[in-house]
Each structure stands twice: as C-alpha cells, then as structure tokens.
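This is a predicted model, so every value here is computed, not measured.
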Amino acid sequence: QVQLVESGGGLVQAGGSLRLSCAASGRTFSTYTMGWFRQAPGKEREVVGAISRSGSPHYADSVKGRFTISRDNAKNTLYLQMNSLKPEDTAVYYCAARNGYYSSRPQTYDYWGQGTQVTVSS
C-alpha cells in the first residue's frame with residue numbers, strides 16, 4: 001500500500017509555471033506506475049500524464065510540450081512541471097499510483113492523493 005500527498009498548487013497568471021510534487025510513503029514507490037490527473041468543476045477526472053516504473057512518460061495531447069512528468073525513486077517523489085499555463089488548466093490535480101503498465105483511465109489506479117488546487121488567471 002502507498003499513501004500519496006500532493007503539494008505545490010496555487011494561483012498563477014496565464015503563461016506562468018508551477019511545479020507540483022507528490023510525496024509517497026512506503027518502500028515500494030519504484031514499483032508503481034504513477035499518474036497525474038485533474039478535475040475541473042463540473043467535468044470528469046482526466047489524465048494529464050503518467051510515468052512508468054522505468055521513467056518513460058506519457059502525456060495527454062492537451063499538455064504535450066508544456067508539462068513534464070518526472071520521478072525520483074530515491075526520494076519517493078513524483079513531479080509535474082507545468083509551463084505556459086492556460087486558464088483551461090485550472091483544476092484540482094491528483095497524483096495516483098497503480099500496479100501495472102501505463103493507463104489513462106483513472107478507474108485503473110489503486111491509490112490516490114487528496115489533490116491540490118491549481119488556478120490559472122487570464
């Protein structure tokens with residue numbers, strides 16, 4: 001089992017940057033595929049991207065070229081670097097962990113953090 005805690009959210013102007021972190025408990029962080037998801041008010045939770053156990057990232061088309069996912073297995077931490085932020089990036093951002101390969105479907109992830117709010121003003 002793994003517990004996840006996100007941090008780094010906040011209010012930023014359009015075009016700005018934020019870096020989210022997700023701290024994981026336990027010794028098995030490196031064995032999980034890790035994902036970032038977001039949910040805006042009135043919308044379904046959607047994948048932002050994920051990173052495999054070996055460090056290969058996958059991104060949603062909406063964030064490709066702007067967001068970067070990375071992980072530090074020695075620190076049990078997942079990161080999401082967000083650049084060129086847009087108002088439509090406003091959402092609660094969640095990190096999640098799953099046993100297995102990459103998946104974009106939130107229902108396939110086993111563990112979730114509590115989320116961190118990201119608000120991008122125009």
Full working for side-chain contact (heavy atoms from CB on, under 4.5 Å) between R105 and V47: CA-CA 7 Å; R105 298 186 300 148; V47 68; over 6 Å; no
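Every residue was checked against the ring-ring contact (aromatic ring centres under 6.0 Å, His included) condition with F29, not counting sequence neighbours, and none meets it. Under the side chain to side chain contact (heavy atoms under 4.5 Å, CB included) criterion, A14 pairs with P87, V120, not counting sequence neighbours. D89 is linked by a side-chain hydrogen bond (donor to acceptor under 3.5 Å, both in side chains) to R38, R66, counting only residues two or more places apart in sequence or in another chain.
A donor-acceptor contact shorter than 3.5 Å is absent between the side chain of S54 and the backbone of S52. Looking at S25, its side chain does come within 3.5 Å of a backbone N or O of Q3 through a donor-acceptor pair. Checking side-chain atoms of W36 against main-chain N and O of I51 turns up no donor-acceptor pair under 3.5 Å. Side-chain atoms of T116 come within 3.5 Å of backbone N or O of G9 as a donor-acceptor pair. A donor-acceptor pair under 3.5 Å links the side-chain atoms of R98 to the main chain of T108, judged by distance alone. Side-chain atoms of Q81 never come within 3.5 Å of backbone atoms of T68 as a donor-acceptor pair (strictly under, hydrogens ignored).
Scanning all heavy atoms of the two residues, the minimum distance from S70 to L78 falls at O-CD1, 3.4 Å. The two residues T90 and A40 make their nearest non-hydrogen contact at O-CB, 3.7 Å.
For residues 46-122, the set of pairs meeting the disulfide bond (SG atoms under 2.5 Å apart) definition, not counting sequence neighbours, comprises C22-C95. Under the ring pair (Phe, Tyr, Trp, His ring centres under 6.0 Å) criterion, the residue pairs touching residues 97-122 are Y32-Y111, F37-Y109, F37-W112, H58-Y102, with sequence neighbours excluded. Counting only residues at least two apart or in different chains, salt bridge (Lys or Arg N to Asp or Glu O under 4.0 Å) contacts with residues 51-62 comprise D61-K64.
When side chains are defined from C-beta on, V118 counts as touching L18, because their heavy atoms get closer than 4.5 Å. When side chains are defined from C-beta on, L20 does not count as touching E6, because their heavy atoms never get closer than 4.5 Å. In this structure the side chain of Q117 never reaches within 4.5 angstrom of the side chain of Y93, judged on heavy atoms. When side chains are defined from C-beta on, I69 does not count as touching R71, because their heavy atoms never get closer than 4.5 Å.
Of the inter-residue distances, the one linking K86 atom NZ with S122 atom OG reads 14.0 Å to the nearest 0.5 angstrom. A distance of 9.5 Å separates CE of M34 from CG of N73, quoted to the nearest 0.5 Å. Interatomic distance, OG of S21 versus CG of L80, reported as 9.5 Å (0.5 Å rounding).
Screening Y59, Y94, F67 against V48 for a side chain to side chain contact (heavy atoms under 4.5 Å, CB included) leaves a single residue, F67.
Hydrophobic clustering keeps M82 apart from V92 (ILVMFWY residues linked when any side-chain heavy atoms are closer than 4.5 Å, directly or through intermediates).
Between the side chains of N83 and S17, at least one donor N or O sits under 3.5 Å from an acceptor N or O.
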